[in-house]
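Taking it in order: structure first as structure tokens, then the write-up.
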Protein chains: 2
Amino acid sequence: MDKKTVTIKDIARMLGISKSTVSRALSGRSDIHPETKQKIMALANDLHYEPNALAINLKQQKTNTIGVIVPETVNRFFARAVGGIQKVSDMAGVNVMICQSNESYISEKNNLHSLVSSRVDGLIVSISSETDRTDHFKPIFERGIPIVFFDRICEDVHASQVYTDNYEIAFEGTEHLITRGYRRIAFVAGPQHLFNSRNRLLGYLDALKKHNLPVKESYIIHSHYGSGKVEEYTRYLMQLPQRPDAVFAINDYAAIEMMHIMKKNGLKIPDDVAFLGFNNEDMCRFVEPPLSSIDHPAHDMGAAAAEILINQMRHPDLKPESRIIKSKLVIRESSGARLVL
Amino acid sequence: MDKKTVTIKDIARMLGISKSTVSRALSGRSDIHPETKQKIMALANDLHYEPNALAINLKQQKTNTIGVIVPETVNRFFARAVGGIQKVSDMAGVNVMICQSNESYISEKNNLHSLVSSRVDGLIVSISSETDRTDHFKPIFERGIPIVFFDRICEDVHASQVYTDNYEIAFEGTEHLITRGYRRIAFVAGPQHLFNSRNRLLGYLDALKKHNLPVKESYIIHSHYGSGKVEEYTRYLMQLPQRPDAVFAINDYAAIEMMHIMKKNGLKIPDDVAFLGFNNEDMCRFVEPPLSSIDHPAHDMGAAAAEILINQMRHPDLKPESRIIKSKLVIRESSGARLVL
DNA sequence: GTGAAAGCGCTAACAA
DNA sequence: TTGTTAGCGCTTTCAC
């Protein structure tokens with residue numbers, strides 16, 4: 001069954017010419033007789049010749065490929081970001097290799113080495129929630145492989161970065177809840193070694209301060225992404241002597257599940273408890289009541305990251321670039337009803 | 001900046017030994033002096049040596065990598081399937097390259113050639129909704145590269161297949177609606193050149209027949225995946241002289257959006273209209289009322305596909321294998337309330 | 001236990 | 001316009 005794969009050598013032999021001529025024809029060089037080229041192309045086609053990218057890339061010392069490491073694409077934020085990366089890359093004619101760290105430091109490291117071994121020309125990375133050190137990226141970046149971190153960025157590597165205005169939008173979201181009359185605002189925070197999570201928490205805290213509201217440690221939940229502990233957190237919040245009257249959650253999944261549980265326990269949304277999520281998933285529109293959320297422009301972030309990276313791959317002495325993409329507060333009914341006091 | 005990448009040759013020179021010895025040490029051969037090995041490993045580590053996978057794979061004539069082509073990972077079914085593929089592959093120590101066709105035939109073809117060019121040792125594919133011919137797979141499969149199609153399989157290529165009991169589960173779902181007392185059951189079908197869609201439609205039709213219900217063409221919507229036309233379909237169904245009293249939809253997104261629109265138009269779910277979706281997305285639990293759905297075991301399908309493929313990569317003369325994974329009807333309130341007549 | 005040499009498939013000087 | 005040759009980084013016989 002395993003018909004030997006056909007190479008330029010085979011084509012050359014069959015046509016009684018040299019393999020350089022075949023190579024020239026196949027790679028669209030001009031200095032070749034039209035007729036010869038014709039014959040070569042025809043035969044290549046007949047034989048279903050597929051160029052060996054390994055050989056080409058080895059020879060060229062570049063792969064025209066960018067490596068992508070994201071936590072996981074079941075998280076639609078990252079799926080959409082990858083979509084943005086691929087769109088821009090396709091336009092530019094560069095290939096993309098996607099890896100998932102599954103939120104694991106060790107997988108992230110493995111992915112990284114595997115991509116570098118495959119000699120990708122650049123990297124786009126959003127670090128795993130477990131990753132709290134950066135020694136794996138440094139030597140690679142210092143060797144001159146351009147890296148663009150996005151969303152979950154790596155602060156102490158002096159590479160390019162694409163992220164959102166976390167602080168500002170968390171501030172704005174919190175302030176929105178406050179002006180709607182909510183006073184006991186709980187915050188479901190992400191891991192604090194992540195730049196994003198830290199800044200969002202800061203925005204929340206500063207908004208409280210600005211409005212002279214007390215900061216209560218008991219209202220701040222330090223969650224891990226996808227920890228499956230939402231039910232536990234909800235129960236905890238509901239049994240507090242002073243139950244919160246609003247929840248600002250690190251992502252929509254947590255917000256929606258929490259809202260669902262509270263509803264089942266007889267709480268009215270948003271009269272008893274308001275909700276505000278993060279990411280503005282499609283589902284926000286369809287839950288009852290529709291969930292207010294922060295529109296986190298995943299696709300644009302991916303696209304921006306790819307733009308920056310491809311640019312750097314083509315102009316290696318460009319300085320690293322930071323780009324901030326604005327997110328947007330989308331107000332729906334889950335935080336919309338209570339009157340201003 | 002661009003410190004030249006270090007190769008075994010560099011290490012050999014620096015240590016005053018031959019590159020074959022370095023190679024032997026690095027690839028964990030036993031016939032090497034412990035002390036020499038020690039020195040080599042230490043230096044490799046210091047220099048952050050990264051083996052060149054291109055060179056290794058070119059030499060070995062294999063890459064220990066499987067190529068995956070899925071329509072799109074923003075579709076969580078495929079994201080979860082990829083998760084299953086990666087889990088099994090990781091365990092087996094093989095690499096995975098993921099491509100997305102974005103439901104486009106031409107992208108699928110490009111992905112395919114790019115993966116073959118990269119000399120993947122096998123392929124796992126779920127074809128795009130646009131793909132209605134198979135000439136691109138045939139020559140590749142015939143050359144001896146093992147392929148496993150999953151979910152959206154390619155019938156006329158005699159490769160391995162992993163799919164669900166589409167006919168049976170659609171039959172069961174339809175029958176469930178019938179026994180709950182629904183009589184005018186609309187069906188949102190997928191593209192009919194897809195094996196899945198065709199069998200699901202058959203299951204629906206046969207269930208109607210078994211219960212002596214008339215088949216109405218006007219109740220069958222031929223949709224495309226992700227067509228963004230749900231609103232149009234919904235309006236169409238609602239204005240029918242005999243409005244359907246149940247909708248069985250090709251996926252949960254369509255079902256949820258449709259349900260949402262009908263609710264806004266004053267219809268009671270499930271009293272006026274029942275809903276049944278496909279895929280059992282997490283969100284089914286959180287919408288109002290919770291959506292009944294077909295649990296489509298995405299992760300398991302991916303895992304099975306990877307198992308079969310890896311097996312075939314290791315034992316090239318194995319026959320293609322077909323595996324059917326059972327799906328499951330999950331009944332929730334959206335189809336649960338009406339009494340049996 | 002180690003080295004020399006050939007070759008994986010391809011491209012790119014350089015010659016002719 | 002075409003052929004010859006060297007070499008990308010690595011593994012793997014075959015000698016020693």
Side-chain angles (χ1 to χ4, degrees), chain A residues 2-41 43-44 47-65 113-114 116-121 143, chain B residues 2-41 43-44 47-65 113-114 116-121 143:
Chain A
D2 215 32
K3 301 177 196 161
K4 205 178 138 302
T5 15
V6 7
T7 71
I8 51 169
K9 206 162 129 192
D10 299 323
I11 297 182
R13 196 175 356 89
M14 294 173 78
L15 255 31
I17 57 182
S18 82
K19 61 195 177 88
S20 16
T21 305
V22 178
S23 168
R24 271 187 279 258
L26 257 18
S27 48
R29 286 267 184 305
S30 53
D31 53 347
I32 183 164
H33 193 92
E35 202 176 306
T36 323
K37 179 166 182 178
Q38 189 53 40
K39 273 195 296 206
I40 294 171
M41 298 308 262
L43 184 56
L47 299 176
H48 299 290
Y49 168 77
E50 301 267 4
N52 186 328
L54 300 169
I56 297 175
N57 293 336
L58 176 61
K59 176 72 194 173
Q60 313 275 36
Q61 297 284 69
K62 64 186 187 37
T63 54
N64 195 34
T65 299
H113 288 298
S114 145
V116 172
S117 262
S118 300
R119 295 297 186 260
V120 293
D121 295 335
R143 184 176 314 151
Chain B
D2 213 37
K3 300 178 198 160
K4 206 180 136 301
T5 15
V6 6
T7 70
I8 52 170
K9 206 164 129 190
D10 299 323
I11 298 181
R13 195 176 353 93
M14 294 173 77
L15 254 33
I17 57 182
S18 81
K19 60 195 178 86
S20 8
T21 306
V22 178
S23 168
R24 271 188 277 258
L26 257 19
S27 47
R29 288 268 183 303
S30 53
D31 53 346
I32 182 163
H33 196 93
E35 202 176 305
T36 322
K37 179 166 181 175
Q38 188 56 41
K39 274 196 294 206
I40 293 171
M41 298 308 263
L43 184 57
L47 298 176
H48 299 289
Y49 168 77
E50 301 267 5
N52 186 328
L54 300 170
I56 297 174
N57 292 337
L58 176 61
K59 177 72 193 171
Q60 313 274 35
Q61 298 285 68
K62 63 185 187 43
T63 54
N64 195 34
T65 299
H113 288 298
S114 144
V116 172
S117 263
S118 299
R119 295 295 186 264
V120 293
D121 295 336
R143 185 175 313 150

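Chain A is the first sequence line, chain B the second, and so forth, proteins listed ahead of strands; every chain is numbered from 1.
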Within residues 50-61 of chain A, those residues having any heavy atom closer than 4.0 Å to DNA chain D are A:Leu58, A:Lys59, A:Gln61

Within residues 15-23 of chain B, those residues having any heavy atom closer than 4.0 Å to DNA chain D are B:Lys19, B:Ser20, B:Ser23

Hits for side-chain contact (heavy atoms from CB on, under 4.5 Å) against A:Lys59, two or more places apart or cross-chain, chain-then-number order -> none

By side-chain contact (heavy atoms from CB on, under 4.5 Å), A:Gln60 pairs with (sequence neighbours left out) A:Ile56, A:Lys62

Contacts of B:His48 meeting side-chain hydrogen bond (donor to acceptor under 3.5 Å, both in side chains) (sequence neighbours excluded), chain-then-number -> none

Rounded to 10°, the helix from C:dG1-D:dC16 to C:dA16-D:dT1 deviates from straight, judged by its five-pair end axes, by 40°

At a 4.0 Å cut-off to heavy atoms of chain A, the contacted part of DNA chain D spans D:dT1 to D:dG9

I'd like to check [X] versus [Y] (side-chain heavy atoms, cut-off strictly below 4.5 Å). Are they in contact?
X        : Y       : answer
B:Arg119 : A:Glu50 : yes
B:Met41  : B:Leu26 : yes
B:Thr63  : A:Leu54 : yes
B:Tyr49  : B:Ile8  : yes

Closest non-hydrogen atoms of A:Ser117 and B:Pro51, given as atom of the first, atom of the second and distance, are OG-O, 2.9 Å

Assert: residue with more 5' nearest nucleotide on DNA chain C, out of B:Arg119 and B:His33, is B:His33

Find the distance between [atom1] ([X]) and [atom2] ([Y]) and round it off to the nearest 0.5 Å.
X        : Y       : atom1 : atom2 : answer
A:Ile40  : A:Glu35 : CD1   : CD    : 11.0 Å
A:Asn52  : A:Thr7  : CG    : OG1   : 9.0 Å
B:Asp121 : B:Asn57 : CG    : CG    : 8.0 Å

Taking distance alone, no hydrogens or angles, what donor-acceptor pairs closer than 3.5 Å link side-chain atoms of residues 11-23 of chain B to residues at least two apart or in another chain?
| residue | atom | partner | partner atom | Å |
| --- | --- | --- | --- | --- |
| B:Arg13 | NH2 | B:Asp10 | OD1 | 2.7 |
| B:Ser18 | OG | B:Ser20 | N | 3.4 |
| B:Ser18 | OG | B:Ser20 | OG | 3.2 |
| B:Ser18 | OG | B:Thr21 | N | 3.4 |
| B:Ser18 | OG | B:Thr21 | OG1 | 3.2 |

Span of DNA chain C engaged by chain B, first through last nucleotide within the 4.0 Å heavy-atom cut-off, is C:dG1 to C:dG9

### Message
Using a 4.0 Å heavy-atom cut-off, does B:Ile32 contact any base of the nucleic acid, only the sugar-phosphate backbone, or nothing at all?
### Response
sugar-phosphate

